[in-house]
Chemist: 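For reference, the structure I am asking about is given below.
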Amino acid sequence: MFAPQGPTLRELAVQALSSVERGYDLLAPKFDRTPFRTPQAVLAPVTRALRALGPFDSGLDLCCGTGAGMDVLRQVCRERVTGVDLSAGMLAAGRERTGTATTAPRVEWVRADALALPFGPDFDLAVSFGAFGHFLPRERPQLFAQVHSVLRPGGRFVFPIVAPARPGSRAYWTLLAFDAAMRVRNALWHPSFVMYYRTFRLTEVRAELARAGFTVELHALPELGRRPDGSPRCRLVVATRTP
């Protein structure tokens with residue numbers, strides 16, 4: 001699962017026993033050599049879909065990490081691209097990886113809590129990749145309200161969502177075991193490390209986005225395949241801020 005230059009088992013254990021912020025600070029120098037970084041196989045079809053929805057002037061990558069989503073935004077935004085993350089280490093790794101851009105769009109890296117974004121309604125587009133497991137279900141209404149507040153009317157909040165694993169499959173039991181282990185860890189050890197993979201359910205998320213003031217559409221990402229019943233393995237959620 002990990003490249004030879006990736007984190008050791010000991011480093012992963014230290015991260016897992018830290019807070020989310022401290023854990024990602026520790027992991028940041030080697031994060032891009034782990035399977036946790038959103039792969040190009042996902043980023044490419046999302047970029048294609050965003051090009052069809054655009055053009056956009058300014059984009060926000062929510063919980064940007066080392067900048068996988070920033071690479072997407074730089075391809076579809078004309079003026080400004082901003083990454084926001086709680087981990088100073090991940091932001092530093094992102095800056096180092098991408099360097100200083102001398103052409104548009106302008107690139108910014110901002111350390112902030114996604115539940116208290118330090119922006120006005122400045123963005124046409126917000127994206128997020130793989131970050132929602134770090135928010136408890138009770139925190140999602142606040143998260144979605146924050147995204148709504150930083151988008152201009154008509155702005156879009158876009159993210160991919162993978163179909164749930166088939167009950168009884170290997171992936172199903174793997175995710176169930178991981179979430180169970182995290183719950184035991186958080187019951188026994190503080191500070192907590194919130195990272196759950198089975199709490200972000202599409203039906204609930206659609207309803208919460210609607211309550212936050214979004215209209216929601218789903219777009220299939222056919223490049224990522226279909227399930228045995230013919231439904232897409234991955235969809236793109238496109239939530240548009242209503243005035």
Side-chain angles (χ1 to χ4, degrees), residues 38-39 41-54 56 59-65 68-69 72-73 76 84 113-117 119 121 123-167 169 171-172 175-176 178-179 182 194-243:
T38 305
V42 173
L43 299 173
V46 172
T47 304
R48 173 194 57 78
L50 288 174
R51 284 196 178 109
L53 292 170
F56 304 98
L60 175 70
D61 185 5
L62 189 72
C63 305
C64 65
V72 173
L73 290 178
V76 301
V84 63
D113 187 342
L115 298 176
L117 292 172
F119 310 110
F123 299 96
D124 306 303
L125 173 65
V127 299
S128 194
F129 295 90
F132 296 117
H134 294 305
F135 298 93
L136 296 171
R138 66 173 180 269
E139 295 174 318
R140 285 202 304 261
Q142 182 180 353
L143 175 67
F144 294 160
Q146 283 293 296
V147 177
H148 187 275
S149 72
V150 302
L151 288 172
R152 298 176 180 127
R156 289 180 164 124
F157 180 29
V158 179
F159 53 87
I161 186 167
V162 178
R166 178 175 55 83
S169 66
Y172 175 87
L175 294 176
L176 183 65
F178 182 90
D179 280 12
M182 290 302 298
V194 176
M195 186 166 67
Y196 300 118
Y197 285 108
R198 301 179 66 252
T199 59
F200 199 73
R201 299 180 178 89
L202 179 58
T203 302
E204 297 168 0
V205 167
R206 289 189 72 171
E208 290 165 354
L209 286 168
R211 286 194 289 271
F214 291 98
T215 57
V216 181
E217 299 176 344
L218 301 177
H219 297 241
L221 295 175
E223 297 96 327
L224 298 175
R226 294 190 175 274
R227 307 174 78 192
D229 63 2
S231 62
R233 292 189 182 278
C234 187
R235 292 181 171 93
L236 195 67
V237 176
V238 179
T240 302
R241 174 181 167 166
T242 52

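When reading the values below, keep in mind they use all heavy atoms of this one structure, side chains included, and skip hydrogens, waters and symmetry mates.
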Chemist: Between Thr47 (side chain only) and Leu43 (backbone N and O only), is there a donor and an acceptor less than 3.5 Å apart?
Modeler: yes
Chemist: Can you see which heavy atom on Gln142 is nearest to which on Leu115, and at what distance?
Modeler: NE2-O, 2.9 Å
Chemist: Got Val46 and Val127 here, is their nearest side-chain heavy-atom distance under 4.5 Å?
Modeler: no
Chemist: Using side-chain heavy atoms (C-beta onward) and a distance below 4.5 Å, is Val205 in contact with Val237?
Modeler: no
Chemist: Got a second to check how far Leu202's CG is from Arg235's CZ, nearest 0.5 Å?
Modeler: 6.5 Å
Chemist: Of all heavy-atom pairs between Arg206 and Leu218, which one has the smallest distance, and what is that distance?
Modeler: NH1-CD1, 3.6 Å
Chemist: What closest approach, in Å, do Asp61 and Ser128 show between heavy atoms, and which atom pair accounts for it?
Modeler: OD1-CA, 4.3 Å
Chemist: Does Leu125 form a side chain to side chain contact (heavy atoms under 4.5 Å, CB included) with Val76? I'd like the steps, not just the answer.
Modeler: CA-CA 10 Å; Leu125 173 65; Val76 301; 4.0 Å; yes
Chemist: How far does OG1 of Thr242 sit from CG of Leu151, to the nearest 0.5 angstrom?
Modeler: 11.0 Å
Chemist: Can Arg140 and Phe200 be said to form a side chain to side chain contact (heavy atoms under 4.5 Å, CB included), step by step?
Modeler: CA-CA 9 Å; Arg140 285 202 304 261; Phe200 199 73; 3.6 Å; yes
Chemist: Quick check for you: to the nearest 0.5 Å, what is the distance between Glu208 atom CD and Arg201 atom CZ?
Modeler: 11.0 Å
Chemist: Within the 4.5 Å heavy-atom criterion, are Thr199 and Leu136 side-chain neighbours or not?
Modeler: no
Chemist: Please work out which of the three classes, parallel, tilted or perpendicular, describes the rings of Phe157 and Phe214, given edges at 30° and 60°.
Modeler: tilted
Chemist: Which atom pair, heavy atoms only, marks the closest approach of Leu73 to Gly59?
Modeler: CD1-C, 3.8 Å
Chemist: Could you label the plane-to-plane angle of the Phe144 and Phe159 rings as parallel, tilted or perpendicular, counting under 30° as parallel and over 60° as perpendicular?
Modeler: parallel
Chemist: Can a donor-acceptor pair be found, under 3.5 Å and without considering hydrogens, that links the side chain of Arg241 to the backbone of Gly155?
Modeler: no
Chemist: With a cut-off of under 6.0 Å to the ring centre and 45° to the axis, is Arg198 in cation-pi contact with Phe178?
Modeler: no
Chemist: Is the shortest heavy-atom distance from the side chain of Leu62 to the side chain of Leu117 under 4.5 Å?
Modeler: yes
Chemist: Kindly compute the distance separating CZ (Phe123) from CZ (Phe56), expressed to the nearest 0.5 Å.
Modeler: 14.0 Å
Chemist: Taking all atoms of both residues into account, what is the closest heavy-atom pair of Gly230 and Arg226, and its distance?
Modeler: O-NH1, 2.8 Å
Chemist: I need the Arg152 CZ to Asp124 CG distance, nearest 0.5 Å.
Modeler: 4.5 Å
Chemist: Which heavy-atom pair separates Pro222 from Arg48 by the least distance, and what is that distance?
Modeler: CD-NH2, 4.0 Å
Chemist: If you measure from CG on Asp179 to OH on Tyr197, what distance do you get to the nearest 0.5 Å?
Modeler: 9.0 Å
